[in-house]
Amino acid sequence: MKTEHLSVDPSSPDPLLIARAAECIRAGGLVAFPTETVYGLGANALDPVAVGRIFAAKGRPPSNPLIVHVAEAPQILNIAAVWPETASRLAEKFWPGPLTIVVQKKPTVPDLVTAGGPTVAIRCPAHPVARALIGAAGVPLAAPSANRSTELSPTRAEHVLKGLGGRIDMVLDGGPCRGGLESTVVDSTGPVVRVLRPGPITMPMLEQLIGKVEMTSREPAQPGEVARSPGQMARHYSPRTRLRLVEANDLLEDSIEARRAGLQVGSVSFIRPDAGLAEVVGEGGRHISLTADPEMAAALLYAALHRLDELGLDLLLVEIPPDTPEWSAIRDRLSRAASRN
Ligand code: TXA
Ligand code: MG
């Protein structure tokens, strides 16, 4: 299959192009589109055959459920069996935006979307292209990140094409995603809201609105172990190159050591001053100094890892950012990227 690449204005996409993509969705096709977090791979959430194509294109295990994307809050009426008070307050405050809310599902939602489970994850994205596409399609979109299973999420259309070119019908290219890390996922089905995946909406932001919130164990499930909640497999968000996390203070020394062992090294830093690092990784290696600002770092992280991954190096050494709420999503993704499982 040839993947059609359509460039659209990210803030006011051409309605004719959106109509073409929406037609493709209604016909059961797969369309990658930008959101404010990462690119999603969309299909009609109410069409099990179309949803099946998402799993096939990504090589995603059917045990990992998908997020259903809506353009307007009232669309949830057809999807959620119960809409708890906390969900309603969270949606009012953070939608449209990078928050995904898990609630009990209605039977209209195909089992494939929810991996056979009784709950469904719902998100209302803020990106104008995503909103226009869902609106024009007239159906909710099941959309995981538009990458092969376990690999890095895409923050640009080029990343989507690198992983899924030839396997999907179309990509709407709206340029780089602003946020750069996947949405926060919260489970709103119990008495206390639980964070299943840390993201741009941080614990303090949630707690300020609804009081005490629980964080699920940060230990990702090991292979062979039943995940406590879906999507918590250890290996995820991974570049193909081996990635190791190192304390800020050890980054320079560990790079030197790896070089001495004859490895071609890439490195990424956030907080630590990078004096010396570019020299250490040397020719053939590459050091990328991101930024000590967590929001900006989130926006740049995956593009940096995609770039380093393309160099075919032996090892990526990445500084572990501080253990504070603003860095929590980055720490979570990096620890999964570093997992060999
Ligand atoms: O920012 C995002 O959330 C992006 C954009 C495209 O919206 N989407 C995304 O989807 O990251 P995906 O499929 O890569 O990650 C969805 C996460 C997975 O960890 C999945 O297990 C979890 O949400 N999830 C989905 N449905 C769930 C459910 N019913 N219960 C618990 N977790 C669920
Ligand atoms: Mg994903």
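Read the numbers this way: they start at 1 and go in the same order the structure lists the ligands and their atoms. Residue numbers start at 1 and run along the sequence shown.
- For the atom pair D173 CG and L17 CG, the distance stands at 11.5 Å (nearest 0.5 Å).
- Considering only heavy atoms from C-beta on, N147 stays 4.5 Å or farther from Y39 through its side chain.
- Surrounding CD of E23 are more than 12 heavy atoms belonging to other residues, nucleotides or ligands, all under 6.0 Å away.
- Taking only nitrogen or oxygen atoms, main chain and side chain alike, E182 does not reach within less than 3.5 Å of ligand 1.
- Screening E182, R131, R123, H69 against T35 for a side chain to side chain donor-acceptor pair (under 3.5 Å) leaves a single residue, R123.
- One option in G199, G180, P65 has a heavy atom closer to atom 24 (N) of ligand 1 than any other, and that option is P65.
- Counting non-hydrogen atoms of neighbouring residues, nucleotides and ligands closer than 6.0 angstrom, the NZ atom of K93 reaches no more than 12 such neighbours.
- Dense packing is recorded around CZ of R53, with more than 12 heavy atoms of other residues, nucleotides or ligands lying under 6.0 Å away.
- The distance from the OH atom of Y302 to the CG atom of L181 is 5.0 Å, given to the nearest 0.5 Å.
- Near G40, meaning under 4.0 Å from one of its heavy atoms, ligand 1 places the atoms 6 (C).
- Remark: ligand 1 atoms within the under-4.0 Å shell around heavy atoms of N64 are 18 (C), 20 (C), 21 (O).
- For ligand 1, the atoms sitting less than 4.0 Å from at least one non-hydrogen atom of S145 are 8 (N), 9 (C), 10 (O), 12 (P), 14 (O), numbered in the order shown with element in parentheses.
- Looking at ligand 1, you'll find an N or O of S183 within less than 3.5 Å of one of its N or O atoms.
- For S145, the nearest N, O or S atom to the Mg ion (ligand 2) falls under 2.8 Å.
- Not close to ligand 1: K105, with no non-hydrogen atom less than 4.0 angstrom away.
- Considering CZ of R272 and CD1 of I320, their distance stands at 13.5 Å, rounded to 0.5 Å.
- Close contacts of ligand 1 with R197, meaning ligand atoms under 4.0 Å from a residue heavy atom, involve 2 (C), 3 (O), 9 (C), 11 (O), 15 (O), 16 (C), 17 (C).
- Of all the heavy atoms of Q104, none lies under 4.0 Å from any atom of ligand 1, so neither backbone nor side chain is involved.
- The ligand atoms of ligand 1 that sit less than 4.0 angstrom from a heavy atom of T37 are 1 (O), 2 (C), 4 (C), 5 (C).
- When the heavy-atom distances from atom 28 (C) of ligand 1 to T119, V68, L196 are ranked, the shortest goes to T119.
- Checked against a 3.5 angstrom limit, the closest N/O atoms of R123 and ligand 1 fall inside it.
- Every atom of ligand 1 with a heavy atom of A121 under 4.0 Å away is listed here by number and element: 25 (C), 26 (N), 27 (C), 29 (N).
- Heavy atoms from other residues, nucleotides or ligands lying under 6.0 Å from CD of E253 number 12 at most.
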